[in-house]
Amino acid sequence: MENKRINGNDLLALGYKENRALGIALKINSKRHGLKRDEMLQKFKEVLADPESFSEDAIFEPLAKALLFPEEKDTNIIPLKESTDAYAVYGEEHIEEGARKQMDVAMRLPVSVAGALMPDAHQGYGLPIGGVLATENAIIPYAVGVDIGCRMALSIFDMEDVALLEKHDWLKKIILQNTRFGAGNGFLKHERLDHEVLENPLFQEIPFISNLKDKAWTQLGSSGGGNHFVEFGSINFEQEDQELGIPAGKYLALLTHSGSRGLGATIAGHYTKLAKELCKLPYQAQHLAYLGMDTEAGQEYWNAMNLAGDYASACHEVIHEKVLKDLGVDRMAKIENHHNFAWKEQYKGKELMVHRKGATPAAEGVLGIIPGSMASDGFLVRGKGVESSINSASHGAGRQMSRTQAIKNLKKQDMLQMLNDQGVTLIGSNMDEAPMAYKDIHTVMAAQEDLVDIVANFSPKIVRMADDGSRED
DNA sequence: ATGTCC
């Protein structure tokens, strides 16, 4: 506890207010400056009590100035709208207040036209996870998110699901051999595969992206960490789906969830920083800095975001092709959909930029995959195209416990029991991804029955996630 | 989410 990072609450406890000075204090704190936690807290206390004596301090001068001249307005700051139109909230009774407040702020951006909150919404950075925001002629890097183009991909094989029992060990081995997990991890040089996404001209045109090409190659087909997974499971079609050409039955399927790895994360960081320099917003909205679509920076982000999306797609493709080859059976269908992205879409007759941060596109007839947890069903769905949701649905069950809460409160024995009850083999993972840390997927699906039709149920049976042991520092 | 902020 001694080394716990100083956060906003610590500063509020010292008497700081939710304003510009708080933001500056946190920024100073993040650089540490060789001060221990207690020393830093003491300094913050002293600056607050007597900002004047710090007005020429090498470290605390900006904080002292913000405290001395709180009302001094940067004339470049773009004001928020006083009021906005209402926005639709699905499953409101299960959504924390923090997510609502973030969405309220996002709606007040001068470029915002419409918004919606999905039933798995929870507090994020900038726009909440599960937030949908439609803007005019502007794109917001942090409304896309850090893991640009993160997605779900589902392959349905021409093999009965009984294989999950009868060929369990073989399937487990196929996952182990063809997937790589963990932050920073990828494939060894001799294991790397080529892919046309690496030929994208942005790898030549933009220097910082060019520097990422080798890592992108190494990480192609890897899954990363957090809530990402690769799993075999049983998909159950209660009735034939004519569009997919799949008869009623239970089949072996592969479901993957991952994103654009280091490439996307670095692109997100680069353009968020640029947006914050070019677009100064009031304190509570600063993470929602936007880039005009008619500006060079906006166009560059749009292109880089699309590259990250294509790369994320290529990562899934590599995994699915390897598994398909090892299985040696036919694939009946492959479905893929992404979240953490921005799309140019028509809304009420106008072209808008629709940001879906942890939300699934659900225009009429569009297929999507909404996973539950490692021990509960996920769903193959077909969108209904509801305008008030901005053609969207949730991207999963959503957390009901933060990672820290889950690690602190949940018992491993309970998780193992749950996995055992459901007949799930788990490779890797950690308590922060325990099924109990997530909302009940059935409640979430009920809250969005107006938004999507369920096509089939997917039950995970052999699940691989990142092993948390790889990052102990 | 990501191998730890220019």
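Residue numbering restarts at 1 for every chain, and letters A, B, ... go by the order of the sequence lines.
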For [X] and [N], what is the distance between atoms [atom1] and [atom2] respectively, to the nearest whole Å?
{"X": "A:H270", "N": "B:dT2", "atom1": "NE2", "atom2": "C1'", "value": "17 Å"}
{"X": "A:D214", "N": "B:dG3", "atom1": "CG", "atom2": "P", "value": "14 Å"}
{"X": "A:R261", "N": "B:dT2", "atom1": "CZ", "atom2": "P", "value": "5 Å"}
{"X": "A:F208", "N": "B:dC6", "atom1": "CZ", "atom2": "C1'", "value": "15 Å"}
{"X": "A:I148", "N": "B:dT2", "atom1": "CD1", "atom2": "C1'", "value": "12 Å"}
{"X": "A:K276", "N": "B:dC6", "atom1": "NZ", "atom2": "C1'", "value": "14 Å"}
{"X": "A:N185", "N": "B:dT2", "atom1": "CG", "atom2": "C1'", "value": "12 Å"}
{"X": "A:R180", "N": "B:dT2", "atom1": "CZ", "atom2": "P", "value": "16 Å"}

Under-4.0 Å side-chain N/O to phosphate OP1/OP2 contact, A:Q219 with B:dG3: yes
Any A:K215 side-chain nitrogen or oxygen under 4.0 Å from OP1 or OP2 of B:dT2: no
Spatial distance of atom NZ (A:K172) from atom CD1 (A:I462) [nearest 0.5 Å]: 8.5 Å
N-O pairing of A:E96 and A:R399 below 4.0 Å: no
Of A:N29 and A:S260, the one whose closest DNA chain B nucleotide lies more 5': A:S260
Closest listed nucleotide, where the reference is the side chain of A:A265 and the choices are B:dG3, B:dC6, B:dT2: B:dT2
Donor-acceptor pair, side chain of A:T272 and main chain of A:A268, under 3.5 angstrom: yes
Sugar-phosphate, base or nothing in reach of A:G259, heavy atoms under 4.0 Å: nothing
Cation-aromatic face contact A:K189/A:W217, 6.0 Å, 45 degrees: no
